[in-house]
Protein chains: 2
Amino acid sequence: MKPKIKDVAKQAGVSTTTVSRVLNGEKYVKDDLKAKVQRVIDELGYSPSHIARSLVRQKTNLIGIIVPDLTSSFYATILSSVEQTASQAGYFLLVCDIHEDTGKELKYLNIFKEMRVEGIVIMHEKLDDEIRAFLDKLDIPVIFSSVRPADQKFMSVIIDDYSAAYDATCYLIGLGHERIAFIGGDMRDVTSGQSRYAGYRKALEDNNIPIEDDYIRFGDYKPQSGYERMKELLASRVRPTAVFAVSDDMAAGAMNCINDHLLSVPDDISVIGFDGSQLTELVRPRLSSMEQPIEEMGKVTVLSLIDFMTQQQTGFKKDLILKHRLVVRDSCRPVVKQQET
Amino acid sequence: MKPKIKDVAKQAGVSTTTVSRVLNGEKYVKDDLKAKVQRVIDELGYSPSHIARSLVRQKTNLIGIIVPDLTSSFYATILSSVEQTASQAGYFLLVCDIHEDTGKELKYLNIFKEMRVEGIVIMHEKLDDEIRAFLDKLDIPVIFSSVRPADQKFMSVIIDDYSAAYDATCYLIGLGHERIAFIGGDMRDVTSGQSRYAGYRKALEDNNIPIEDDYIRFGDYKPQSGYERMKELLASRVRPTAVFAVSDDMAAGAMNCINDHLLSVPDDISVIGFDGSQLTELVRPRLSSMEQPIEEMGKVTVLSLIDFMTQQQTGFKKDLILKHRLVVRDSCRPVVKQQET
DNA sequence: CTGAAAGCGCTAACAG
DNA sequence: CTGTTAGCGCTTTCAG
């Protein structure tokens with residue numbers, strides 16, 4: 001089998017303690033001994049067992065992460081940034097892609113616990129009671145990234161989704177639009193569902209634009225749903241002149257739908273997305289979007305989590321609000337006031 | 001601190017052995033004892049330490065995976081499928097995103113070894129000598145996914161990239177195209193670089209179409225490079241009538257470039273991509289592409305790896321070749337023979 | 001059916 | 001500077 005520290009010790013004619021010391025780069029080992037031990041280690045191809053170490057050191061250097069859907073570039077990009085930051089800090093990532101399966105989430109949370117991960121990041125917020133209960137009595141630091149569950153108990157790294165949606169809508173209003181349709185997300189999501197919807201409504205209200213229920217639809221953040229909701233929107237008695245979709249994927253779907261109906265973006269209808277994904281530069285016209293600082297979000301998530309893990313300060317937990325930013329590209333244009341009442 | 005098996009045993013008035021037995025669902029425990037132990041476990045919120053278990057059982061249930069770039073939807077999608085399959089089989093994933101950093105790869109390979117992962121999947125093939133040497137003397141099963149390093153020593157799950165590229169090119173030829181440009185990948189990649197390039201050349205040769213060096217460019221699989229290589233291609237003395245890009249991302253970039261030059265896809269230039277990513281349905285016109293069975297690839301990768309891990313049959317290692325498939329969408333059209341010599 | 005005892009591979013006092 | 005001695009938390013013979 002694999003060589004163990006004992007084998008190295010015997011082979012080098014020293015005690016396991018000494019081997020352990022050179023392994024961990026401690027001083028107080030004579031240079032010649034150190035060299036000899038190192039040579040034996042290389043010869044044997046010895047590699048210390050992280051497992052045994054974890055057991056005695058009570059430290060695994062593991063972080064567990066729960067992603068809703070790796071197939072989505074938004075989550076994949078955060079994950080990438082999270083991995084980057086974690087590995088730089090000497091932590092390793094145990095990844096679980098739940099694919100909307102709550103059962104799998106609970107199972108993994110349990111596994112994370114058994115694995116003695118030192119921290120957990122969660123990227124979705126549809127917490128059912130069972131999971132909430134589990135999290136409540138869990139003594140491992142948990143941080144939410146890009147979402148914020150209703151409970152105040154957890155730390156979150158997010159943008160101000162309400163303001164971001166408000167700002168996006170105001171941008172459209174500033175361009176002269178009044179018939180502004182909204183393609184929202186899942187209303188069970190407080191962050192990306194409810195908050196963005198509320199921001200949209202508030203913007204209209206503040207500008208004295210009546211809210212037209214017919215212009216409001218909800219999708220699942222994916223392109224296909226954007227396409228289909230847009231199709232419904234196009235069937236409205238009076239067509240909207242602008243659409244705000246709360247994900248770039250849905251916005252892209254909506255754009256395609258508009259095109260397939262022989263209408264033009266932005267000449268006939270302006271479209272604005274949300275997220276600031278790579279897609280914005282790939283579609284034509286390029287998609288204006290309310291950008292989330294995705295990379296930074298991943299980075300801040302891990303850094304805060306590690307902070308939380310090491311400081312042991314179970315009290316003080318605060319949300320971290322990152323800044324959103326409107327990136328104007330080519331998919332929106334001032335409304336042509338043709339049919340002013 | 002966290003309760004341990006000893007605490008449960010004491011609390012329930014039994015030995016740790018008994019607790020261990022109910023933990024592992026063994027029979028030979030009286031029902032009343034089993035019930036009592038279970039109750040104590042719940043009360044204490046006891047969760048067995050996977051670490052300690054791994055140490056004694058010599059089994060970690062861990063699989064390490066090395067991804068070149070999670071930001072790419074191709075890899076993210078495979079990863080998703082890999083995770084799905086692994087978790088169903090009771091394995092957990094330790095993920096490393098190397099971001100083209102060979103140093104990080106070696107570091108992670110070492111960590112995987114220390115972690116005693118039971119298997120490793122690698123999704124890129126730029127193996128430098130150091131990594132190759134490391135892999136050679138590693139006694140953990142390794143499988144490559146979507147790529148195949150030059151060495152015969154490793155198992156790979158791939159498509160036949162040569163034939164796929166050949167077929168894609170023949171499709172264009174079948175449409176009457178003769179001025180077919182090629183936007184390749186990294187020629188250091190044997191699978192997606194060299195093989196696809198060779199397939200392209202062979203298809204032209206077999207059809208007696210002279211190979212025009214001016215029509216051959218190489219990018220890095222990303223949209224931007226597709227855009228830029230296309231720009232060069234458009235500057236050719238005689239414009240190509242079709243372009244074969246070896247990634248959908250580059251194909252999409254090329255399409256945008258063509259559009260930005262006020263030319264039309266497919267009226268002026270046909271474009272075919274490679275991979276079969278979600279992007280193909282998102283761009284307009286929808287992109288015809290040589291599709292890789294991405295989901296299946298992830299699944300087969302894990303299943304074969306586990307097979308390899310458990311069978312311990314170090315001999316028989318064979319590549320698994322999955323089938324590619326041309327998916328025709330709207331980005332190609334028969335050439336208009338206007339300037340026949 | 002149940003428990004005592006011996007490790008899994010390593011580190012951490014504590015002596016020398 | 002170096003080695004001895006206990007464990008880390010669990011499973012697993014081997015008796016009873």
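Atom set for the values below is all heavy atoms of this structure, side chains included, hydrogens, waters and symmetry mates excluded.
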Determine whether A:K126 and A:E105 satisfy the following criterion, salt bridge (Lys or Arg N to Asp or Glu O under 4.0 Å), listing intermediate values before the conclusion. CA-CA 11 Å; A:K126 290 199 199 73; A:E105 174 166 15; over 6 Å; no
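- Rounded to an integer number of Å, the gap from CZ of A:R57 to P of C:dG9 is 17 Å.
- A salt bridge does not link B:R148 with B:E125: every distance from a Lys NZ or Arg NE/NH1/NH2 to an Asp or Glu carboxylate oxygen is 4.0 Å or more.
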All N/O pairs under 3.5 Å across the protein-nucleotides 2-6 of chain D interface:
{"unit_1": "D:dT2", "atom_1": "OP2", "unit_2": "A:K30", "atom_2": "N", "d": "2.7"}
{"unit_1": "D:dG3", "atom_1": "OP2", "unit_2": "A:S15", "atom_2": "N", "d": "3.1"}
{"unit_1": "D:dG3", "atom_1": "OP2", "unit_2": "A:S15", "atom_2": "OG", "d": "3.4"}
{"unit_1": "D:dG3", "atom_1": "OP2", "unit_2": "A:T18", "atom_2": "OG1", "d": "2.7"}
{"unit_1": "D:dG3", "atom_1": "N7", "unit_2": "A:R21", "atom_2": "NH2", "d": "3.0"}
{"unit_1": "D:dG3", "atom_1": "O6", "unit_2": "A:R21", "atom_2": "NH2", "d": "3.2"}
{"unit_1": "D:dT4", "atom_1": "O4", "unit_2": "A:T17", "atom_2": "OG1", "d": "2.7"}

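- The two residues A:T77 and A:E295 have their closest heavy-atom pair at CG2-OE2, 4.0 Å.
- You'll find the side chain of B:L305 reaches within 4.5 Å of the side chain of B:V121, heavy atoms only.
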Worked check of side-chain contact (heavy atoms from CB on, under 4.5 Å) between A:M115 and B:F92: CA-CA 10 Å; A:M115 289 269 199; B:F92 315 115; 3.0 Å; yes
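- Atom NZ of A:K36 is separated from atom P of D:dC1 by 17 Å (rounded to the nearest Å).
- Between A:M115 atom CE and D:dC10 atom C1' the separation is 15 Å, expressed in whole Å.
- Going from atom NZ of B:K4 over to atom C1' of D:dG9 covers 7 Å, rounded to whole Å.
- In this structure, CZ of B:R116 is placed 11 Å from C1' of C:dC10, rounded to the nearest angstrom.
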Residue pair A:R188, A:D186: steps toward the salt bridge (Lys or Arg N to Asp or Glu O under 4.0 Å) verdict: CA-CA 5 Å; A:R188 288 171 301 176; A:D186 190 327; 2.6 Å; yes
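- Pairing each heavy atom of B:A76 with each of A:L70, the nearest pair is CB-O, 3.5 Å.
- Between A:I5 atom CD1 and C:dT11 atom P there is a gap of 5 Å when expressed in whole angstrom units.
- Between B:S20 and D:dT11 there is a side-chain N or O to OP1 or OP2 distance below 4.0 Å.
- Rounded to an integer number of Å, the gap from B:L55 CG to D:dG7 P is 17 Å.
- Protein atom CG of B:L23 is 15 Å distant from nucleotide atom P of D:dG9, rounded to whole Å.
- Listed candidates were D:dG9, D:dT11, C:dC10. Nearest to the side chain of B:R53 is D:dT11.
- For the OP1/OP2 pair of C:dT11 and a distance below 4.0 Å, the side-chain nitrogens and oxygens of A:Q58 include no atom meeting the criterion.
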